[in-house]
Structure formats: C-alpha cells, structure tokens
Amino acid sequence: MVFANMKAVLDEAGMDFTDVVKTTVFLVRPEDRGAFSGVRSDATGGAKNASTLVYVAGLALPELLVEVEAIAVSTATPAAGELRR
C-alpha cells in the first residue's frame, strides 16, 4: 500500500520513482527487511536512491509495520505561470 500511495503522489506531480532521490524507511520488525526490500524493488521498478533504514519500536498507528518518507526532485521546468508562491 505504501508504494501505491507514493506512486499516486508522484503521478499527480508528473514524476515517477526515478525522481525519488532519498527515502527513509521506518520498519517495526527487523525480520521483515528482506521481504520489504523485495516489495520495494518490484514496486519501484528497481529504481535506486539514497536510503536510510531505521528500526523502530512502533509507529503512530499501532497496526502499521512500515512507514516510508521520500524526497523526489523534478527535473522538469515549469511553464510560465505554473510556479506557485
């Protein structure tokens, strides 16, 4: 679900996973690292970026096992009048 949500946000901005330059992954169960890595690779098409993995005791919602924070940078130049202030 996390990558579907990220894809929706990136799509809305006219970007994709190749525009993601940094991710921070918060993982509750260390034993899920391998499975998570596989899911991430499949979901992102193998796109690579700088990444930090942090094991945490829990997340804001107790039922969540993973949270991903991402920074994406667009290389597109906005057309005149498209800049927001």
Side-chain angles (χ1 to χ4, degrees):
M1 179 61 110
V2 67
F3 293 108
N5 291 343
M6 285 176 60
K7 183 178 182 327
V9 171
L10 290 167
D11 285 347
E12 182 67 25
M15 296 190 280
D16 61 34
F17 284 107
T18 63
D19 296 305
V20 176
V21 296
K22 170 76 170 89
T23 56
T24 304
V25 178
F26 301 93
L27 197 59
V28 174
R29 299 187 319 207
E31 63 270 21
D32 290 340
R33 180 181 180 183
F36 175 80
S37 293
V39 169
R40 174 174 53 185
S41 181
D42 289 346
T44 64
K48 303 286 186 187
N49 58 59
S51 181
T52 301
L53 173 63
V54 181
Y55 294 123
V56 295
L59 296 166
L61 298 176
E63 66 272 17
L64 298 181
L65 300 176
V66 64
E67 180 173 325
V68 179
E69 175 183 275
I71 299 171
V73 177
S74 174
T75 57
T77 303
E82 288 187 7
L83 294 176
R84 295 188 182 125
R85 295 176 193 218

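In this text the structure is predicted, and so the values were computed from the model without any measurement. Numbering of residues begins at 1 and proceeds along the displayed sequence.
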task: Could you tell me whether E31 atom CD has more than 12 heavy atoms of other residues or ligands within 6.0 Å of it?
output: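 Count over threshold, so yes.
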field: Shortest non-hydrogen contact between R40 and T44, atoms and distance
entry: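 Minimum heavy-atom contact is O-OG1, 2.8 Å.
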field: Heavy-atom closest pair, residues E69 and F26
entry: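 Closest heavy-atom pair between E69 and F26: CB-CE1, 4.5 Å.
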message: With clusters defined by side-chain heavy atoms of hydrophobic residues (ILVMFWY) lying less than 4.5 Å apart, directly or transitively, does Y55 cluster with V39?
response: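 Same hydrophobic cluster.
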message: Hydrophobic cluster membership, with links at side-chain heavy-atom distances under 4.5 Å among I/L/V/M/F/W/Y: are M1 and F17 in one?
response: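 No: no chain of side-chain contacts under 4.5 Å links M1 to F17.
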field: Side-chain (S41) to main-chain (S37) donor-acceptor, under 3.5 angstrom
entry: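 No: the side chain of S41 does not pair with the backbone of S37.
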With rounding to the nearest 0.5 Å, note down the distance linking [atom1] in [X] to [atom2] in [Y].
X: L59; Y: L65; atom1: CG; atom2: CG; value: 8.0 Å
X: D42; Y: F3; atom1: CG; atom2: CZ; value: 10.0 Å
X: L27; Y: L64; atom1: CG; atom2: CG; value: 12.0 Å

- request: Applying side chain to side chain contact (heavy atoms under 4.5 Å, CB included), run through V28 and V56 and close with a yes or a no.
  value: CA-CA 5 Å; V28 174; V56 295; 4.1 Å; yes
field: V20 side chain reached by M15 side chain, heavy atoms, under 4.5 Å
entry: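 No, their side chains stay 4.5 Å or more apart.
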message: Less than 3.5 Å apart, any donor N or O on the side chain of S51 or T23 sitting next to an acceptor on the other?
response: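 Looking only at side-chain atoms, T23 and S51 do form a donor-acceptor pair, the distance falling under 3.5 Å.
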message: side chain to side chain contact (heavy atoms under 4.5 Å, CB included) for K22 and T52? Distances and angles first, verdict last.
response: CA-CA 8 Å; K22 170 76 170 89; T52 301; 2.8 Å; yes
